[in-house]
Protein chains: 2
Amino acid sequence: MTGIRAKQKEKTRRALINAALNQLDPQTSFFSLSLREVAREANIAPTSFYRHFQNMDELGLTLVDEGGLTLRQLLRQARQRLADGGSVIRISVEIFMDFIANNRGVFRLLLQEHSGTSKEFRLAIAREIDHFKAELADYLLNERKLPEHLARLQADAMVRIVFSIGADALDLSAAERAELAEDTILELRMIARGATALQKPKGEYNDPT
Amino acid sequence: MTGIRAKQKEKTRRALINAALNQLDPQTSFFSLSLREVAREANIAPTSFYRHFQNMDELGLTLVDEGGLTLRQLLRQARQRLADGGSVIRISVEIFMDFIANNRGVFRLLLQEHSGTSKEFRLAIAREIDHFKAELADYLLNERKLPEHLARLQADAMVRIVFSIGADALDLSAAERAELAEDTILELRMIARGATALQKPKGEYNDPT
DNA sequence: AAATTGATCTAACATCTGTTCACTGATAAA
DNA sequence: TTTATCAGTGAACAGATGTTAGATCAATTT
């Protein structure tokens, strides 16, 4: 099963995947990559590409899978670190920022191609983000005892904020990213506070905003 | 000044602008457009393009200007309708949704190319959105009497939410858009409530989120 | 040991791209 | 009326792209 041949094939497959991810930078979206560029970066002939993927779209969807995997690792790591106690929001934001810094290529794909040009792509990415959102909504439902609709909306708002800021943070220095993280934390706290406030609408007064 | 010649030139210039805007659809970002495609759609020879713009980038930046104009019209219209009274958030969201429905091309550019591939583009769009954010922060500062930092952050959060949802809403039916608008309103109310709550942190209890 | 498989290569194709050049002909200026 | 301007044209270029076809030759299977 793990013959020399299969191993070598897997190796150049990874080379292709990494070639694509490494080519993604602020000026280069996945769809501006050409098959030939990727093959060149992976040091194989353009024609060899077809031994691994039917076309660039298939490579791209593979990368999106990779992105989903990364998001799930993020959640797992967040849960672990939360067991030690501390502010949920702060810890989550810090982990998120770490992840985008250490997985730039994949997050670029997720955050940029999110409103991108290919329907299949957008749907695949939306699916991954929806998983993420659903897990967050679940947490809010169980731990924070919010009504379902409110939990869903709070999760939606939070994920939109975090991913939007994340896109901005992708190419900042560690210091700038830390600054943005503080803003993010405050914005998320607004949302959390607001959600619990909306839950008990018998507050002092009803802000007519 | 307004000779036959100048008039005709302005007309084909508009034709080029509209050709580009009309080609933007869910599957086609501005940077996937070719000069030749745009010229074809505008019914001129590819070479004639250069009589109007130095290259596609210049056309693109012109479209971004168009987008800024649209955003300013949106604000003006919102202010007018607000004079008649009503929920600020509801009115604003409804106007926004109307605008994206009626200016799909321009908003696609603003919302898609926002995290796009060209630095010049991203900066130009960020500039327009920052104007928008600044006007909103001003309003929150003056009308809602929030401290500056909080006003800035609230505006930031709101704009991120609205533009993120806006991108999703671009190609929905009117009914689906209206549904999304309701969710948007609730999410924005969370933020507004949360911001005023954070302002007076002596509330009943401090949620350790 | 012989036969087969399959990941890789080079060469070649048709097609699209941005851009240049010299030209035309109606409008504008003299 | 003569002259100059200039938006628009078609032909042609060099380069990049996706994709096909055929050959190579080491790893695998028989």
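Keep in mind that what you see is a predicted model, and the values were worked out from it rather than measured. Proteins come first, then strands; the chains are lettered A, B, ... in the order of their sequence lines, and each starts at number 1.
- Regarding B/Arg36, its CZ atom lies at a distance of 12 Å from the P atom of D/dG10, rounded to whole Å.
- Legend: side chain to side chain donor-acceptor pair (under 3.5 Å) pairs involving residues 154-178 of chain B, not counting sequence neighbours, sorted by first then second residue: A/Arg160-B/Ser164, A/Arg160-B/Asp168, A/Ser164-B/Arg160, A/Asp168-B/Arg160, B/Arg108-B/Asp171, B/Lys133-B/Asp156, B/Asp156-B/Arg160, B/Ser173-B/Glu176.
- For residues 37-48 of chain B, proximity to DNA chain C is found at B/Glu37, B/Arg40, B/Thr47, defined as any non-hydrogen atom under 4.0 angstrom from a strand atom.
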Identify every side-chain donor-acceptor pair in residues 100-107 of chain A under 3.5 Å, counting partners at least two apart or on other chains, and give the distances.
| unit_1 | atom_1 | unit_2 | atom_2 | d |
| --- | --- | --- | --- | --- |
| A/Asn102 | ND2 | A/Asp98 | O | 3.1 |
| A/Asn103 | ND2 | A/Phe99 | O | 2.9 |

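- Rounded to whole Å, the distance from NE2 on B/His52 to C1' on D/dT9 is 13 Å.
- Per the geometry, CZ belonging to A/Phe53 stands 18 Å off C1' belonging to D/dT19, to the nearest Å.
- Annotation: salt bridge (Lys or Arg N to Asp or Glu O under 4.0 Å) contacts involving residues 21-42 of chain B, sequence neighbours excluded, are absent.
- Here the side chains of B/Arg144 and B/Tyr139 are in contact, with some heavy-atom distance below 4.5 Å.
- Among residues at least two apart or in separate chains, there is no ring pair (Phe, Tyr, Trp, His ring centres under 6.0 Å) pair with a member in residues 54-78 of chain A.
- The ring pair (Phe, Tyr, Trp, His ring centres under 6.0 Å) contacts involving residues 157-182 of chain B comprise B/Phe96-B/Phe163, B/Phe132-B/Phe163, where partners must be two or more places apart or lie in separate chains.
- Partners of B/Glu182 by salt bridge (Lys or Arg N to Asp or Glu O under 4.0 Å), not counting sequence neighbours, listed by chain and number: B/Arg90.
- Between A/His149 and A/Arg152, the closest side-chain pair of non-hydrogen atoms falls below 4.5 Å.
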Whether each nucleotide of nucleotides 23-30 of chain D has a protein heavy atom under 4.0 Å at its base (B), only at its sugar-phosphate (S) or at neither (-) is summarised, 5' to 3', as ---BBS--
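- No side-chain heavy atom of B/Phe31 sits less than 4.5 Å from a side-chain heavy atom of A/Ser32.
- Between A/Arg13 and A/Glu10 the shortest side-chain heavy-atom distance falls below 4.5 Å.
- Looking at which nucleotide of DNA chain C each of A/Thr12 and B/Asn55 is closest to, the 5′-most match is held by A/Thr12.
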Donor-acceptor contacts under 3.5 Å from residues 50-70 of chain B side chains, at least two apart:
| unit_1 | atom_1 | unit_2 | atom_2 | d |
| --- | --- | --- | --- | --- |
| B/His52 | NE2 | B/Thr12 | OG1 | 3.0 |
| B/Asn55 | OD1 | B/Asp57 | N | 3.1 |
| B/Asn55 | OD1 | B/Glu58 | N | 3.0 |
| B/Glu58 | OE1 | B/Gln54 | N | 3.4 |
| B/Thr62 | OG1 | B/Glu58 | O | 2.9 |
| B/Glu66 | OE2 | B/Arg14 | NH1 | 3.2 |
| B/Glu66 | OE2 | B/Arg14 | NH2 | 2.9 |
| B/Thr70 | OG1 | B/Glu66 | O | 2.9 |

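- Side-chain contact between B/Ile125 and B/Gln112: absent, with no pair of heavy atoms (C-beta onward) separated by less than 4.5 Å.
- Taken residue by residue, residues 21-34 of chain B places no heavy atom nearer than 4.0 Å to DNA chain D.
- Look at OH on B/Tyr50: it is 14 Å from P on D/dT9, rounded to the nearest Å.
- Contacts between chain B and DNA chain C, taken as any atom within less than 4.0 angstrom of a protein heavy atom, begin and end at C/dT17 to C/dA28.
- Residue pairs satisfying the salt bridge (Lys or Arg N to Asp or Glu O under 4.0 Å) criterion with at least one member in residues 109-129 of chain B, sequence neighbours excluded, are listed as follows: B/Arg72-B/Glu128.
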